[in-house]
Amino acid sequence: MNYHQFLSYLIFSLLICANAVLAQTTETAPPAVDLRMYQIIDDVSAERIEQDIRTLAGFGTRNTMSDTVSDTRGIGAARRWIKAEFDKVSEECGGCLEVFYQHNPTEKGAGSRIVKDVDIVNVVAIQRGTQHPNRMIMMSGDIDSRASDATNYTIDAPGANDNASGMVGTIEAARVLTKYQFPTSIVYAGLAGEEQGLYGGQGLANYAQENNWELLGVLNNDMIGNIEGVDGVIDNRTFRIFSEPVPPTETEQQRRFRRFTGGEVDGISRQLARYVHQMTTTYMPEMNPMMIYRLDRFGRGGHHRPFSDLGFPGIRIMEAHENYNRQHQDIRVENGIEYGDVVEGVNFPYAKKLTAVNATTLAGLGWAPPAPDSVKIGGAVQASTTLAWDMSDAPQLAGYKVYWRETTAPQWTYSRFVDKTDQHTLEGIVIDNFYFGVAAVSKDGNESVVVFPSGLIPRE
């Protein structure tokens, strides 16, 4: 064999090896993105959102105490319209939604804003998962509205942005996502009684607990349509994701473990917020998600809180720049300033964008394998860090991804795909200097929420 023949043989051999490696990599490593997400984003309609917000605002008031008999005014007419829309969506997808009212009878005086006996009624639609029907991810919006006086249930309170925008976004997400099937269930919920004291959220959170829902998280959408802040800023790309650092149900033992191993900003709600941030920057890079390290706005509350109170992950998604002249205000003009939450204050293309943020998040978690259980960590006084977990037998599982970041970093910075295994050691990564987590990855590239370690690997 002469030199040229040897060189040709060597090149041919290298190409064969490279192709074999590429084939193996292609077979085991999932894609970086799921192309279906771009279609989901495109399918969200600003025109439908505008039409639906105008419909909800057109009921005059949706105060929790308002008329329940009229077909044209009050919360009764509004919730019947919402249920009818979910029923219509279900009919178009061949009955893929379970649509029902969830009732919460509440007596006068139960709170300062409950001025008469009232049935606080939520509207719920469940798209059952094909493999894990009781494992659920939920998007919610509020049905009710209010004027300056939360107990005045006769005055006009159109609530176009607060919170017809969030409620309509939830309906629109159902329209888009019911075109697909998911291993995990998706819940679309309209919650009532928010302005009276989070009664609807409390009722559905109790219902979820009583019915043993494995609730992966609640995406509470409260005001997703305003781009003109009272601070003078106009911004149609930025939005906020509120999440608390650790669950209020944390035990004393968990608190002591956290004190010595870290994780003060790594609770289940914070990981859900990071997931929304990651999905947005991956599939909608034109948007600017802001992680807010707080349960909700300063001293205020939203309908994700009752779920968090019971130990479920819950976050609030909302606009970045609020306009307080349009919130909780009687419709009026004073000193040349217009007050009131009317349709003219809603930016429908922006509401479309935030609806798409929710829809891709729901889809990502809906298609993802179950998150790893019992994640443990080890590596003290070593030059490496090891993570171990219980491996899932989900058919869509491609493997796992190990994440790590500097302790001061807000987002997971580094990652490594590790195939189907229940343990991985990061050589040269010192446990003292980073935080770590593990996510399950599907064959189409969708990931579970990152799970922070909750135990230690026993030292040999």
Side-chain angles (χ1 to χ4, degrees), residues 64 79 82-83 85-87 89-90 93 95-107 110 118-144 166-167 170-171 173-174 177-178 181-194 197-221 247-251 267-269 271-272 302-316 358 361-363 365-371 373 392 394 448-449 451:
T64 300
R79 68 186 176 225
I82 292 166
K83 183 176 183 299
E85 288 301 304
F86 281 136
D87 285 334
V89 173
S90 185
C93 64
C96 71
L97 292 180
E98 301 169 18
V99 184
F100 60 93
Y101 292 125
Q102 192 269 315
H103 294 268
N104 303 280
T106 307
E107 294 183 354
V118 61
D119 187 7
I120 297 174
V121 183
N122 299 318
V123 185
V124 183
I126 302 176
Q127 182 179 356
R128 289 287 177 183
T130 57
Q131 296 173 18
H132 311 284
N134 213 48
R135 192 174 76 225
M136 302 175 172
I137 178 69
M138 188 173 100
M139 178 181 179
S140 68
D142 301 324
I143 300 173
D144 58 315
M167 183 67 253
T170 303
I171 297 170
L177 295 181
T178 48
Q181 288 188 332
F182 301 93
T184 294
S185 296
I186 300 177
V187 181
Y188 312 95
L191 305 177
E194 193 264 349
L198 310 181
Y199 287 92
Q202 185 64 67
L204 190 58
N206 291 337
Y207 180 91
Q209 188 178 62
E210 292 163 4
N211 287 273
N212 300 312
W213 285 8
E214 185 187 343
L215 195 51
L216 304 181
V218 174
L219 312 179
N220 172 46
N221 285 256
T249 55
E250 182 183 55
T251 65
I268 52 178
S269 294
Q271 303 302 352
L272 180 60
H303 252 150
H304 57 302
R305 196 187 82 195
F307 294 90
S308 294
D309 288 344
L310 294 183
F312 297 119
I315 63 174
R316 178 184 184 131
N358 281 267
T361 299
L362 294 170
L365 289 173
W367 278 318
D373 285 330
S392 168
S448 73
V449 170
V451 178

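Bear in mind the structure is a predicted one, so any value in this text is a computation, not a measurement.
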Q. Where does the angle between the aromatic ring planes of Y207 and F100 fall among parallel (under 30°), tilted (30 to 60°) and perpendicular (over 60°)?
A.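 Ring orientation, 0 to 90° scale: tilted.
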
Q. Please walk me through it: do L362 and W367 pass side-chain contact (heavy atoms from CB on, under 4.5 Å)?
A. CA-CA 9 Å; L362 294 170; W367 278 318; over 6 Å; no

Q: Report the C-alpha distance between T184 and M136 in whole Å, list the side-chain angles of each, state the deciding distance to 0.1 Å, and finish with yes or no for side-chain contact (heavy atoms from CB on, under 4.5 Å).
A: CA-CA 6 Å; T184 294; M136 302 175 172; 5.6 Å; no

Q. side-chain contact (heavy atoms from CB on, under 4.5 Å) between R128 and L97: does it pass, once the steps are laid out?
A. CA-CA 7 Å; R128 289 287 177 183; L97 292 180; over 6 Å; no

Can you tell if the side chain of [X] reaches within under 4.5 Å of the side chain of [Y], non-hydrogen atoms only?
X    : Y    : answer
V124 : V99  : no
S185 : R135 : no
R305 : L198 : yes
Q102 : V121 : no
Y188 : V89  : no
L310 : T249 : no
N221 : N358 : yes
F182 : I137 : no

Do you know which two heavy atoms are closest between [X] and [Y], and how far apart they sit?
X    : Y    : result
T170 : G141 : OG1-N, 3.5 Å
P306 : G302 : CD-O, 3.7 Å
A205 : F307 : CA-CE2, 3.5 Å
S269 : S308 : OG-OG, 4.0 Å
C96  : S90  : N-OG, 3.6 Å
P369 : A394 : CB-CB, 4.3 Å

Q) Does N212 offer a backbone N or O that forms a donor-acceptor pair with the side chain of N134 under 3.5 Å? A)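 Flag set: sc N134 to bb N212 pair under 3.5 Å.
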
Q) Are the side chain of T178 and the backbone of A174 linked by a donor-acceptor contact shorter than 3.5 Å? A)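 Between the backbone of A174 and the side chain of T178 there is a qualifying donor-acceptor contact (under 3.5 Å).
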
(Q) Looking at Q181, I want to see if its CD is surrounded by more than 12 non-hydrogen atoms of other residues, nucleotides or ligands under 6.0 Å. (A)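 Atom CD in Q181 is not crowded, with 12 or fewer foreign heavy atoms closer than 6.0 Å.
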
Hey, could you give me the [atom1]/[atom2] distance between [X] and [Y], rounded to the nearest 0.5 Å?
X    : Y    : atom1 : atom2 : value
I186 : M139 : CD1   : CE    : 11.0 Å
L272 : H304 : CG    : NE2   : 10.5 Å
S140 : R316 : OG    : CZ    : 10.0 Å
R79  : D144 : CZ    : CG    : 11.0 Å
I143 : T64  : CD1   : OG1   : 9.0 Å
Y199 : N122 : OH    : CG    : 14.0 Å

Q) For E194, which residues count as a side chain to side chain donor-acceptor pair (under 3.5 Å) partner, sequence neighbours excluded? A)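 So E194 forms no side chain to side chain donor-acceptor pair (under 3.5 Å) with any residue.
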
Q: Could you please spell out the steps behind the side-chain hydrogen bond (donor to acceptor under 3.5 Å, both in side chains) verdict for N104 and D119?
A: CA-CA 6 Å; N104 303 280; D119 187 7; 5.9 Å; no

Q) Side chains of Q202 and N206: donor-acceptor distance under 3.5 Å anywhere? A)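 Per modelled atom types, Q202 and N206 side chains form a pair under 3.5 Å.
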
Q: Start with the C-alpha distance between I82 and I171, add both sets of side-chain angles, then the distance that settles side-chain contact (heavy atoms from CB on, under 4.5 Å), and finish with yes or no.
A: CA-CA 8 Å; I82 292 166; I171 297 170; 4.3 Å; yes

